[in-house]
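Read through the structure below, which is laid out as structure tokens, and then see the notes.
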Amino acid sequence: DGGITQSPKYLFRKEGQNVTLSCEQNLNHDAMYWYRQDPGQGLRLIYYSQIVNDFQKGDIAEGYSVSREKKESFPLTVTSAQKNPTAFYLCASSIGGQGSQPQHFGDGTRLSIL
Amino acid sequence: AQSVSQHNHHVILSEAASLELGCNYSYGGTVNLFWYVQYPGQHLQLLLKYFSGDPLVKGIKGFEAEFIKSKFSFNLRKPSVQWSDTAEYFCALVYSSASKIIFGSGTRLSIRP
């Protein structure tokens, strides 16, 4: 079955440490997205990529970085500069990058700070 | 700023009650509208979408939504809810001039059996 795989499901980070969240899709979608979900705030866009080797900042990109070296992969690094990283992170993809196509979502990664 | 508002943060209903969840957006340009649902322990999935045409759209599991351009609204409705409808519901939109989706803050729906 095609879909989006996020790993790990749970991740713990120590203060001052960078961590990378994995997102892989086998849907052959061009566009991929990272969102952060906090209680009562819905989904906020961190970064998105409409094509390989290209990505744009979303609404809350500070303290995060991404890469898009392959069409099927869009890893997110939460850096030590992100002051409040504890959250649920969702990866998504869509056929086109114009936002008009419905997005498919992964199961998420819950990041906690030790 | 472009935004999506869901004013009901938590709605509690009994089974068989009718449901209406509000969704309003801030800008009057051409929009595509979506409702997503997140059941407990599951990933977000598309419930229904509106791109153009008939403003009353029907989605999965008996849900429907009506786009009212004059009110900048896209409310979600279901005539008779079931316990299995317990979930969080997100309204989302994309403006034709933009390339990213904007999500509302979500409404948690709890159904009493």
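Chain A is the first sequence line, chain B the second, and so forth, proteins listed ahead of strands; every chain is numbered from 1. Side-chain atoms are counted along with the backbone in the values below, which use heavy atoms only and exclude waters and symmetry mates. Quick caveat, the model's predicted, so the values are computed rather than measured.
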| task | Tell me, for A:Leu45 versus chain B, whether the close heavy atoms (under 4.5 Å) come from the side chain, the backbone, both or neither. | result | side chain

| Worked check of side-chain contact (heavy atoms from CB on, under 4.5 Å) between A:Gln37 and B:Gln38 | CA-CA 12 Å; A:Gln37 186 177 11; B:Gln38 188 174 30; 3.1 Å; yes

| A:Leu43 reachable from A:Tyr33 in the ILVMFWY side-chain graph, under 4.5 Å edges | yes

| Structural part of A:Leu90 lying under 4.5 Å from a heavy atom of chain B | side chain

| message | B:Ile101 vs A:Tyr35, test: side-chain contact (heavy atoms from CB on, under 4.5 Å). Steps then yes/no. | response | CA-CA 11 Å; B:Ile101 286 182; A:Tyr35 295 91; 4.3 Å; yes

| CG on B:Leu44 to CG on A:Asp107, rounded to 0.5 Å | 10.0 Å

| Applying the 4.5 Å side-chain criterion to the ILVMFWY set and letting contacts propagate, would B:Val37 and B:Ile102 be lumped into a single cluster? | yes

| task | Give the cluster check for A:Val19 versus A:Val66: same hydrophobic cluster or not, with ILVMFWY residues linked at side-chain heavy-atom distances below 4.5 Å. | result | yes

| query | Hey, quick one: are A:Val78 and A:Met32 part of the same hydrophobic cluster, counting side-chain heavy atoms closer than 4.5 Å, chains of contacts allowed? | reply | yes

| query | Shared ILVMFWY cluster between B:Leu47 and B:Leu109, side chains joined below 4.5 angstrom? | reply | yes

